[in-house]
> 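Here you go, one structure.
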Protein chains: 2
Amino acid sequence: MPTIKYYLREGLLPAGVLTSPNQAHYDDEHLRRLRLVRALVDVGGLSIASVREVLEVIDTREESLHRKLGAVQEAISQPSPVELDPMAVKDVQAFFERQGETECADVTASNVTHMLAAALSVARSIGHDHFQDLLDPYLEGLKLIARADLEYIATRGSRDDVIEAMVVGTLIGDTVIKAVRRLAHAQVSREVIGEQPPSDEV
Amino acid sequence: MPTIKYYLREGLLPAGVLTSPNQAHYDDEHLRRLRLVRALVDVGGLSIASVREVLEVIDTREESLHRKLGAVQEAISQPSPVELDPMAVKDVQAFFERQGETECADVTASNVTHMLAAALSVARSIGHDHFQDLLDPYLEGLKLIARADLEYIATRGSRDDVIEAMVVGTLIGDTVIKAVRRLAHAQVSREVIGEQPPSDEV
DNA sequence: GATAGTAGAGAGTGCCGCTATCCATTCAGG
DNA sequence: CCTGAATGGATAGCGGCACTCTCTACTATC
């Protein structure tokens with residue numbers, strides 16, 4: 001309960017309607033918002049500041065859904081202090097050009113592309129200088145997943161629900177993907193070495 | 001530089017060879033290890049304690065690669081304090097049965113399955129009670145990705161490299177997947193609504 | 001022998017996510 | 001109308017974590 005007070009103070013939850021100077025009323029919408037905050041914190045692992053950013057995006061009335069999703073992605077991708085390897089930056093640029101993405105010319109302009117370049121930079125720093133070869137196959141798999149995401153979002157009714165579904169699908173989806181990926185590793189490695197004697201390797 | 005001393009104290013880096021009581025020598029292996037630690041912290045977002053766990057797994061000589069990867073996954077999936085929804089637990093169990101996974105009968109036994117159940121529980125708590133429908137398509141996409149991962153790992157030579165490649169492929173891979181997923185969303189939504197007038201929605 | 005530099009260890013720092021306390025008000029029960 | 005419990009609002013405190021600072025003992029170098 002003191003946590004709720006804290007969230008109110010931090011502006012994560014809208015203040016309740018004051019029925020009298022010391023009595024505020026909270027409806028289902030407040031509860032829903034509280035659960036969303038907890039979801040972002042517990043499952044998404046977001047900081048309070050990031051949650052505030054995400055909520056601000058959700059509550060903005062003006063922008064298109066496309067831009068909203070982009071803003072959410074920016075909010076949940078806090079840039080790490082990793083210094084970028086120029087080679088990794090070139091890898092990312094080449095990847096974008098290969099995919100016909102022209103608007104992301106400047107890698108450092110977006111948190112998402114910065115994160116990608118940072119990840120490849122770190123991979124390089126520990127001797128993995130071909131990690132970028134995985135980008136294309138990753139995109140193939142993720143397109144499959146993205147199609148499922150869009151279908152899922154399409155089943156949601158109102159516009160507010162759509163926005164929330166995108167946030168949930170993005171953030172909780174990331175967590176789910178992490179977990180399911182483990183299962184996929186196990187399945188594929190079993191199917192690859194299936195015919196070999198059970199050496200229990202890989 | 002004081003950070004290195006801290007890591008030494010925390011046991012994340014092996015002590016250097018003492019050439020004299022106040023002079024220690026560090027070789028390339030130490031540097032490599034330091035970079036790996038920074039990679040896990042900066043890109044993987046792991047806590048120092050989790051990094052220690054991961055390193056212990058890497059340094060263990062005995063177990064099979066399969067078990068090692070499992071141990072790494074456990075280490076990087078710290079369980080959240082979310083209380084599990086029984087329905088979500090059933091969803092996860094059903095998913096495993098559908099995939100012929102028998103060994104994971106107890107969802108709470110593994111951090112990974114617990115994380116999955118927690119994510120679905122939180123999704124339910126905010127009214128997304130069909131999120132589990134995404135598990136199967138997610139697995140499809142992730143199998144594609146897993147095949148690429150295995151190929152990537154296969155290009156690595158020595159056994160030590162394989163283990164590290166698995167850790168890197170898993171942890172840095174998670175970050176890369178997050179970023180590329182954004183691009184996939186954009187591409188797929190464009191291709192889905194491609195023929196429609198440019199309403200700039202979704 | 002004076003100086004500079006290092007290993008090692010303990011204490012201190014800053015941030016973040018809460019949590020506890022305080023006070024004025026006010027509502028419920030009698 | 002009086003009393004006690006509860007609430008809103010604000011301020012201060014706490015605990016954990018990832019460092020960072022400092023202090024001591026020692027030694028290699030000039």
Side-chain angles (χ1 to χ4, degrees), chain A residues 1-31 33-56 75-83 111 118 122 125 171 175, chain B residues 1-31 33-56 75-83 111 118 122 125 171 175:
Chain A
M1 202 61 150
T3 309
I4 295 175
K5 281 177 133 183
Y6 168 65
Y7 288 166
L8 284 168
R9 237 177 304 140
E10 292 296 317
L12 302 187
L13 303 174
V17 181
L18 283 178
T19 57
S20 54
N22 68 340
Q23 211 65 346
H25 180 250
Y26 301 95
D27 55 12
D28 287 354
E29 197 50 44
H30 285 87
L31 186 57
R33 173 55 63 98
L34 175 59
R35 290 216 180 98
L36 179 59
V37 170
R38 297 305 320 179
L40 299 183
V41 169
D42 288 338
V43 173
L46 297 194
S47 67
I48 298 299
S50 298
V51 171
R52 185 165 34 229
E53 280 183 68
V54 170
L55 294 179
E56 277 167 11
I76 68 177
S77 319
Q78 66 281 36
S80 64
V82 172
E83 62 185 277
N111 287 347
V122 168
S125 79
L171 246 159
T175 302
Chain B
M1 203 59 149
T3 308
I4 295 174
K5 284 176 133 184
Y6 167 65
Y7 288 167
L8 283 168
R9 237 177 307 143
E10 293 296 316
L12 302 187
L13 303 174
V17 180
L18 283 177
T19 57
S20 55
N22 67 341
Q23 210 66 346
H25 179 250
Y26 300 95
D27 57 12
D28 287 354
E29 196 51 44
H30 285 88
L31 186 57
R33 172 55 61 101
L34 175 60
R35 289 217 181 97
L36 178 60
V37 170
R38 296 306 320 181
L40 300 183
V41 169
D42 289 339
V43 173
L46 297 195
S47 67
I48 299 300
S50 298
V51 170
R52 186 165 34 230
E53 280 183 68
V54 170
L55 295 179
E56 276 166 13
I76 67 178
S77 319
Q78 66 281 36
S80 63
V82 173
E83 62 186 278
N111 286 348
V122 168
S125 80
L171 245 160
T175 302

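Predicted model, so just to flag it, every value in this text is computed and none were measured. Labels below follow one simple rule: chain letters A, B, ... track the order of the sequence lines, proteins then strands, and each chain is numbered from 1.
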> Just the rounded figure in Å: distance from P of C/dG8 to CG of B/L13.
12 Å
> Closest-nucleotide mapping onto DNA chain D: is A/R9 or B/Y6 further toward the 5' terminus? I mean the 5' end.
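Closer to the 5' end of DNA chain D: A/R9.
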> Could you tell me how far apart A/I4 (CD1) and C/dC18 (P) are, to the nearest whole angstrom?
12 Å
> Taking only the side-chain nitrogens and oxygens of B/T3, find out if one of them lies under 4.0 Å from OP1 or OP2 of D/dA18.
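Negative; the distance criterion is not met.
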> Provide, to the nearest angstrom, the distance between the CG atom belonging to A/L8 and the P atom belonging to D/dA10.
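Distance, rounded to whole Å: 11 Å.
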> Would you please confirm or rule out a distance under 4.0 Å between OP1 or OP2 of C/dC18 and any side-chain N or O of A/Y7?
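For A/Y7, the contact criterion (side-chain N or O under 4.0 Å from OP1 or OP2 of C/dC18) is met.
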> If you assign B/L46 and B/K5 each to the DNA chain D nucleotide with the nearest heavy atom, which residue ends up on the more 5' nucleotide?
B/L46
> Rounding to an integer number of Å, can you tell me how far A/I48 CD1 sits from C/dT19 P?
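Computing the A/I48:CD1 to C/dT19:P distance gives 11 Å.
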> Is the number of heavy atoms from other residues, nucleotides or ligands within 6.0 Å of CG (A/D28) greater than 12?
no
> About how many Å separate CG of A/L171 and CG of A/L46, when rounded to the nearest 0.5 Å?
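Nearest 0.5 Å value for the CG-CG distance: 5.0 Å.
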> Pick from B/I76, B/L36, B/L12: which one makes a side chain to side chain contact (heavy atoms under 4.5 Å, CB included) with B/V51?
B/L12
> Rounded off to whole Å, could you give me the CD-to-P distance for the A/E10 and C/dC18 pair?
10 Å
> When you get a sec, tell me which of D/dC19, C/dG10, D/dA18 is the closest nucleotide to the side chain of B/S47?
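Of the options given, the side chain of B/S47 lies nearest D/dA18.
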> Distance alone, cut at 3.5 Å: any donor-acceptor contact between the side chains of A/R38 and A/Y7?
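There is such a pair (donor and acceptor under 3.5 Å, judged by atom type) between the side chains of A/R38 and A/Y7.
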> Which whole-number value in Å describes the distance from B/Q78 CD to D/dG16 C1'?
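Rounded to whole Å, this separation is 15 Å.
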